[in-house]
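Remarks on the structure that follows.
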Amino acid sequence: MIISASTDYRAAAQRRLPPFLFHYIDGGAYAEHTLKRNVADLADIALRQRVLRDMSELNLGTELFGEQLALPVALAPVGLTGMYARRGEVQAARAAAAKGIPFTLSTVSVCPIEEVAPAIDRPMWFQLYVLKDRGFMKNALERAKAAGVTTLVFTVDMPVPGARYRDAHSGMSGPNAAMRRYLQAVTHPRWALDVGLLGKPHDLGNISTYRGNPTGLEDYIGWLGNNFDPSISWKDLQWIRDFWDGPMVIKGILDPDDARDAVKFGADGIVVSNHGGRQLDGVLSSARALPAIADAVKGELKILVDSGIRTGLDVVRMLALGADAVMLGRAFVYALAADGEAGVSNLLELIEKEMRVAMTLTGAKSIAEISRDSLVRELGA
Ligand SMILES: Cc1cc2nc3c(=O)[nH]c(=O)nc-3n(C[C@H](O)[C@H](O)[C@H](O)COP(=O)(O)O)c2cc1C
């Protein structure tokens, strides 16, 4: 039974998914210190309880890049989402749209832009990586525009992929990986039927549409591995700007100096993020990095944040530390893996309820009223 958004969906996802997929989602880079701190540092932030202030009317809505959001929450881009539930990107996007919040499609999604965008009745966001193949990037931007994508989320913290040792242990990579994945799939029959059999094709939809020849996932993972571009710099973003006239959000900022550069560049927003602890282990948690970044650039662009957010209380904590909105990564993926679209819808309901309790008992009637004043103590930057 699902009672707690933060723990029950994770346990349900672990029961349902073959281990190579569960650990791909759940794991982080190297010794996973940053992954753990993302959650622990947030939990350590104490909210300031206030009472007797007539909190009968709360407004959880906000505006972001000209869009109205029912909650200050968006779903983060997560690669291979269509492997965790049947056509998973479509299911998650539907749950987000029904709730009135944005869904962000990853570059490396299973379902292509053209499958997800028409399935929902609100504009989708699209995430792009910097890849050596600029032809692919240009093609993806043109297709995103044609599909009515509003906001481009440009991820800059993956010039090289961070090593995730759990993947080698779990069978995602490493010796005999294909055989181990097959054995895990057949011993998880609900997933094998729902996704393995009925969720095909299993490829990276955006890339196969560009290349015009669908092949296996292994081939694409190889293509991506060779295609991350360590030469990326601010001038490459100018190249993107020339192709994209809508709102542009830079994802993967963890330092105030980089946040100031994002303002200079003219970005509409940033996502303060360490990629959920999946890139450089040992960097600051997002909760620790956020206050100094907010001091540097608050008001000059929109500040989104992710990494470690599991509950509605965490959302309120991040807003109190200076964010305008948050992105959910693993939190929605666990719910999707456990129970598809219904799981994500229920998760968003739980997050809203938790936010309502936190706002009522911190005396914040609207998103704008959540501030550092809502905290007893915040972690230093
Ligand atoms: C399985 C998985 C795949 C991800 N794939 C992408 C991706 O394709 N593009 C991207 O910008 N971020 C990707 N991320 C990072 C998320 O967008 C987000 O930054 C991260 O999940 C936030 O941390 P949290 O999971 O602790 O909330 C991925 C994260 C996970 C867990």
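In what follows, residues are counted from 1 in the order of the sequence shown. The analysis underlying the following values was restricted to heavy atoms, covering all of them including side chains, and did not include hydrogens, waters or symmetry mates. Both ligands and their constituent atoms are indexed starting at 1 by order of listing.
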Flag [X] as yes when one of its N or O atoms lies below 3.5 Å from any N or O atom of ligand 1, and as no otherwise.
X: Arg278; value: no
X: Ala76; value: no
X: Lys251; value: yes
X: Ala331; value: no
X: Tyr84; value: no

* Asked: Linking I/L/V/M/F/W/Y whenever their side-chain heavy atoms sit closer than 4.5 Å, directly or via other members, would Val108 and Leu105 fall into one cluster?
  ->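 Yes, Val108 connects to Leu105 through the hydrophobic network.
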* Side-chain touch Phe136/Arg211, heavy atoms, less than 4.5 angstrom ->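 When only atoms from C-beta onward are counted, Arg211 and Phe136 do not touch, as no gap falls below 4.5 Å.
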* State, without any angle test, whether Ser273 and Asp306 hold a side-chain donor-acceptor pair at a distance under 3.5 Å. =>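 Note: Ser273 and Asp306 side chains meet the donor-acceptor criterion.
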* Asked: If we ignore angles and hydrogens, is there a donor and acceptor under 3.5 Å between the side chains of Tyr334 and Asp26?
  ->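 A pair is found: one side chain offers a donor N or O, the other an acceptor, under 3.5 Å apart.
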Considering only non-hydrogen protein atoms, determine which one is nearest to [atom] and report residue, atom name and distance to 0.1 Å.
atom: atom 11 (O) of ligand 1; value: Thr155 OG1, 2.7 Å
atom: atom 7 (C) of ligand 1; value: Tyr129 OH, 3.0 Å
atom: atom 13 (C) of ligand 1; value: Pro77 O, 3.0 Å

* To do: Could you go through the side-chain hydrogen bond (donor to acceptor under 3.5 Å, both in side chains) check for Asp157 and His275 one step at a time?
  => CA-CA 7 Å; Asp157 60 2; His275 216 101; 2.8 Å; yes
* Relative to the heavy atoms of Gly329, which atoms of ligand 1 are at a distance of less than 4.0 Å? ->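 Every atom of ligand 1 under 4.0 Å from some heavy atom of Gly329: 21 (O), 25 (O), 27 (O).
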* For Ser170, which of Phe22, Phe20, Tyr24 qualifies under side-chain contact (heavy atoms from CB on, under 4.5 Å)? ->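 The passing option is Phe20.
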